[in-house]
Each structure stands twice: as structure tokens, then as C-alpha cells.
Amino acid sequence: MRPTPPAPRGANRWIISFGCAGLMAVAAAWWLGLLPTPKFLAGTESKVIDADPQENSTRSNPAVKGTSAAEAASIDIEQWEPGMPLSARPASSSLSELQVEESPAFVDRSASDPDPPASRSTDVFTVHEPYEPRTSPSILRVSGEASAVPDVVPLAQAQPSVDPYSELDAAIESGRYLEAHRDLSKLYWSKPEEREQIVPRLQQTAALIYLSPQPHFMEPYVIQPGDLLQKVAPKYKISWEYLAKLNRIQPEKIRAGQKLKVVKGPFSAFIDLSDYRLTIHAHGYFVKEYAIGIGKDNSTPIGTFAVKDKLRNPVYYGPDGVIAADDPANPLGECWIDLGDSYGIHGTIDPKSIGKAESRGCIRLVADDVAEVYDFLTLGSEVVIRP
């Protein structure tokens with residue numbers, strides 16, 4: 001068989017020229033967008049989950065002006081405080097983190113709107129009117145396509161409500177006093193409207209922890225030869241008077257080897273003028289509360305103070321003159337806790353003034369109560385007064 005003769009040189013030039021021109025034309029059409037991108041050039045499309053319009057914006061626009069998108073996405077979610085609106089929360093690239101919201105998940109409008117309108121459809125999912133998502137509607141896009149989202153489930157169905165007090169009662173009954181006291185103390189400060197349910201339980205746990213010689217919640221202190229309560233008490237930032245009452249002992253009769261119950265001080269006082277209440281606490285843990293009398297015409301100072309001095313049987317110096325300590329007319333009673341600038345916490349010879357605004361600015365308590373507060377507080381103890 002004879003080989004095919006080579007094509008003439010002129011034909012070769014024509015074929016090459018035609019092929020180059022064709023390739024240039026196809027490239028120009030693709031460049032102008034007239035042709036789709038070939039699959040082999042498209043590559044693998046990354047999967048992006050747009051959890052929230054604000055959160056998604058961190059990919060192109062930093063959450064904080066002057067911060068790169070990468071830096072914004074790396075902000076620790078722990079910087080966000082529970083209860084803050086979502087707009088104030090630091091940027092996060094995690095959908096699961098954005099779904100953890102401290103505010104209620106859904107708002108039930110059924111009570112105010114007995115005949116809710118029909119469900120409204122969006123381009124992503126259907127929202128049933130009686131409930132609203134906790135954040136702005138989420139848009140889930142995987143490979144550029146909208147993904148279906150399950151129907152919204154009411155919070156009442158997802159997480160059945162549990163009576164917190166039943167769990168706390170169970171903790172007390174099982175002897176988990178510190179655990180119960182911690183949770184009750186948090187409720188005491190955060191939910192004053194529920195104190196009728198909280199305080200009786202707190203008094204039970206506080207009595208065991210702070211007012212009874214048993215049980216021990218810290219390693220007991222063993223009395224050494226030559227010890228005095230006046231030397232032992234400062235080790236725990238408490239007064240020797242309180243230490244003696246806690247252990248039901250007489251200071252002059254302690255003996256070497258004796259074990260003392262101790263607690264971690266110092267104690268502090270929080271005074272709520274609007275509620276005529278003084279609360280003793282230890283690092284936020286409730287100890288005891290007392291009814292008080294306050295200054296008339298808003299004369300009681302507001303702010304944070306420190307105990308400057310403590311006196312028993314104080315002499316009264318006032319506009320009416322000087323009244324001796326043992327004089328029944330002395331309005332200070334038997335204890336004076338100095339807060340500075342002639343203001344203080346003291347007793348009273350007028351018990352009817354408790355729960356009223358009748359003093360010249362000082363805080364009044366009945367005799368037995370001020371004696372206890374006197375023993376709790378030490379020099380330097382913090383006293384916060386709020387309107």
C-alpha cells in the first residue's frame with residue numbers, strides 16, 4: 001500500500017490560520033460572557049452556610065471597623081454577654097454558636113391574637129404565625145441552592161419547663177447545701193419579685209453554713225497552745241465576735257486541740273433603700289437580711305463605702321448636743337458602724353422608725369439586729385447603698 005502523499009504547504013498554512021482564528025473567537029465569546037464557563041475551569045464550588053445576614057457579612061466586611069474579616073471571625077463568642085441583642089454579639093463563623101440565644105426562642109402570640117393569620121411563605125421556609133424565630137430568619141445555602149429548614153417547634157414542646165424550686169428542694173433534702181445555696185443566692189439577686197419563695201429556702205441553707213457550728217464546709221481550724229480568737233479570726237477575714245458565736249464558745253475558755261468551724265470572709269452589706277432592707281452576704285452568697293430605717297428627705301447617701309470604725313456604746317454628738325453612751329436618750333443605741341462623713345449604721349431607741357424614712361441620713365436597726373450586723377462586718381467591709 002502506498003503512503004498518502006503529504007499535503008501541499010499552502011494548505012497547511014490555511015488550516016493553521018483557520019484554527020487559530022476559531023480559538024480566538026471562542027475565547028472572545030467566553031470573555032464577553034456569551035458562553036458558559038467550562039466545567040474543567042469552574043473548579044469545586046465551596047459550601048457556604050449563611051446563618052444570618054449580619055454574620056455572613058463578616059466574610060466580606062469586618063464586624064468591627066478597621067478589623068480584617070479573618071480577625072472578626074476569630075473573636076471569641078465568650079465575649080458576648082447573655083441577654084445582649086444579637087447585633088451586639090461578637091462575630092462568629094459558627095451557625096451552632098449563633099443559635100445559642102439566651103432570650104426566649106419563640107414568642108407566643110396566641111393569647112393576644114386568638115385568630116392568627118395563615119402561615120406566610122418565604123423563599124426559604126414557612127413560618128407559622130403563633131411563633132417567631134429567636135433571630136432573624138436564617139438562610140441556608142449549600143452550593144448556591146436553598147435548603148429546606150424543618151418547621152419551627154415551640155419552646156414549650158422542645159424544652160418542657162421545670163419548676164426550679166423543686167430541684168432546689170431536692171438538693172436541700174439530699175444534703176447538697178452549698179449547691180442549693182449558690183443557686184438560691186443567684187435567684188435572690190436576680191429575681192427580687194420571687195423572694196417570698198426564695199428567702200425561706202435561703203434562710204434554711206444559710207443557717208447551716210453561716211450560723212450553726214455544724215456541719216463544717218471548710219477544713220476546721222485546730223486551736224494551738226496560746227491561741228486567741230482575736231488572732232485566729234483575721235486569718236479568715238471575720239471578726240472574733242462572729243467566730244465565737246458561730247462555734248457557741250466563750251473566747252476565754254478555748255483549749256488546745258479544739259476544732260473550730262470557720263468560713264471565708266469578709267462579709268459585706270447591701271442596702272436597698274426602696275425596700276428598707278439590709279442584706280449581709282459573703283462574696284455574693286446570702287447570709288441574712290434585716291429591716292431598716294433610713295434618712296428622711298433622701299438624706300441617706302448613695303454609693304459604695306467601707307467600714308471605717310466600729311464602736312460599742314457610742315457617745316452621740318449631734319445638733320442637739322452630746323448624749324452619753326449610757327443615757328437612755330442616746331439615739332444611736334448600743335452599736336455604731338462608721339461609714340465616714342458622720343454617716344453610719346446604728347441601733348435605735350425608736351423601733352417604730354424601722355421601715356420608715358425618719359433619720360438624719362443614717363441606717364437604723366433594732367438592737368438585736370444591729371448587734372448581729374456589728375459582728376458580721378469588719379474594718380474595711382464593703383457597704384453598698386442603692387436607692
Side-chain angles (χ1 to χ4, degrees), residues 81-83 181-196 198-199 201-203 205-207 209-211 233-234 236-239 241-242 246 263-311 314 332-333 335-348 353-387:
E81 295 292 337
H181 192 73
R182 176 198 63 203
D183 294 341
L184 285 166
S185 294
K186 290 180 180 179
L187 291 172
Y188 178 86
W189 299 114
S190 63
K191 296 186 176 182
E193 70 279 3
E194 297 184 16
R195 285 182 178 170
E196 288 186 3
I198 297 169
V199 171
R201 294 174 169 89
L202 268 176
Q203 290 173 335
T205 53
I209 299 170
Y210 297 107
L211 306 176
Y236 300 92
K237 298 183 179 180
I238 56 180
S239 72
E241 296 97 332
Y242 166 73
L246 175 63
V263 298
K264 183 181 179 181
F267 293 104
S268 303
F270 182 88
I271 297 172
D272 185 347
L273 299 180
S274 62
D275 202 24
Y276 296 91
R277 186 193 310 267
L278 183 153
T279 303
I280 294 294
H281 65 92
H283 311 283
Y285 289 80
F286 175 94
V287 177
K288 198 167 183 179
E289 65 177 15
Y290 304 90
I292 60 173
I294 64 175
K296 58 185 177 182
D297 301 325
N298 299 317
S299 57
T300 300
I302 305 300
T304 301
F305 307 86
V307 173
K308 297 183 178 299
D309 198 4
K310 295 169 59 179
L311 297 173
L332 301 181
C335 296
W336 169 260
I337 303 170
D338 188 9
L339 302 180
D341 296 329
S342 299
Y343 293 104
I345 302 170
H346 61 81
T348 181
S353 66
I354 302 302
K356 301 177 182 178
E358 295 184 356
S359 78
R360 290 193 172 97
C362 292
I363 303 298
R364 295 177 175 179
L365 296 94
V366 296
D368 291 342
D369 289 351
V370 75
E372 290 185 359
V373 172
Y374 184 97
D375 290 343
F376 279 125
L377 299 181
T378 55
L379 296 183
S381 285
E382 181 182 78
V383 178
V384 176
I385 303 177
R386 290 289 180 266

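All values below were derived from every heavy atom in this structure, side-chain atoms included, with hydrogens, water molecules and symmetry-related copies excluded.
- Residue Leu187 holds its CG atom at 5.0 Å from CD1 of Ile198, rounded to the nearest 0.5 Å.
- Not a single side-chain hydrogen bond (donor to acceptor under 3.5 Å, both in side chains) links Ser359 to another residue, sequence neighbours left out.
- Here the shortest heavy-atom pairing between Ala269 and Ile280 reads CB-CD1, 4.0 Å.
- Checked options Thr279, Ile363, Ile302; the residue passing with Ile271 is Ile363 (criterion: side-chain contact (heavy atoms from CB on, under 4.5 Å)).
- Looking at every heavy atom in both residues, Lys296 comes nearest to Ala357 through CB-O, 3.2 Å.
- No side-chain heavy atom of Ile345 sits under 4.5 Å from any side-chain heavy atom of Tyr374.
- Of all heavy-atom pairs between Lys308 and Gly340, the closest is CD-CA, 3.8 Å.
- Thr378 and Ile238 get closest at one heavy-atom pair: CG2-C, 3.8 Å.
- Partners of Thr304 by side chain to side chain contact (heavy atoms under 4.5 Å, CB included), not counting sequence neighbours, listed by chain and number: Glu382, Val384, Arg386.
- With sequence neighbours excluded, the residues that form a ring-ring contact (aromatic ring centres under 6.0 Å, His included) with Phe286 are Tyr188.
- From Tyr210, atom OH reaches atom OH of Tyr242 across 7.5 Å, with rounding to the nearest 0.5 Å.
- Separating the CG atom in Asp375 from the CD atom in Glu241 is a distance of 5.5 Å, to the nearest 0.5 Å.
- Once rounded to the nearest 0.5 Å, the distance linking OH of Tyr236 with NZ of Lys264 reads 12.0 Å.
- Taking all atoms of both residues into account, the shortest heavy-atom contact from Gly284 to Ser185 is O-CB, 3.9 Å.
- Ser268 meets the side-chain hydrogen bond (donor to acceptor under 3.5 Å, both in side chains) test with no other residue; sequence neighbours excluded.
- Judged as a side chain to side chain contact (heavy atoms under 4.5 Å, CB included), and not counting sequence neighbours, the contacts of Lys186 are Arg182.
- Here Lys288 pairs with Glu372 under the salt bridge (charged side-chain N to carboxylate O under 4.0 Å, His left out) rule; sequence neighbours left out.
- Remark: Asn298 pairs with no residue by the side-chain hydrogen bond (donor to acceptor under 3.5 Å, both in side chains) rule, at least two apart or across chains.
- Among residues at least two apart or in separate chains, there is no side-chain hydrogen bond (donor to acceptor under 3.5 Å, both in side chains) pair with a member in residues 335-348.
- By the ring-ring contact (aromatic ring centres under 6.0 Å, His included) test, Tyr276 pairs with no residue at all, sequence neighbours left out.
- Here the closest heavy-atom approach between residue Ile292 and residue Ile294 is recorded as CD1-CG2, 3.8 Å.
- Note that CG of Asp309 and CG of Leu311 are 4.5 Å apart. Values are rounded to the nearest 0.5 Å.
- Side-chain contact between Arg364 and Ser353 is present, with heavy atoms from C-beta onward closer than 4.5 Å.
- With sequence neighbours excluded, no residue satisfies salt bridge (charged side-chain N to carboxylate O under 4.0 Å, His left out) with Asp369.
- In this structure the side chain of Val287 never reaches within 4.5 angstrom of the side chain of Ile209, judged on heavy atoms.
- Taking the side-chain hydrogen bond (donor to acceptor under 3.5 Å, both in side chains) definition, one finds that Thr300 meets it with nothing, sequence neighbours left out.
- Environment of CD in Glu193: crowded, with over 12 heavy atoms of neighbouring residues, nucleotides or ligands closer than 6.0 Å.
- For Arg277, the salt bridge (charged side-chain N to carboxylate O under 4.0 Å, His left out) partners two or more places apart in sequence, or in a different chain, are Asp275, Glu289.
- For the atom pair Leu365 CG and Ile337 CD1, the distance stands at 8.0 Å (nearest 0.5 Å).
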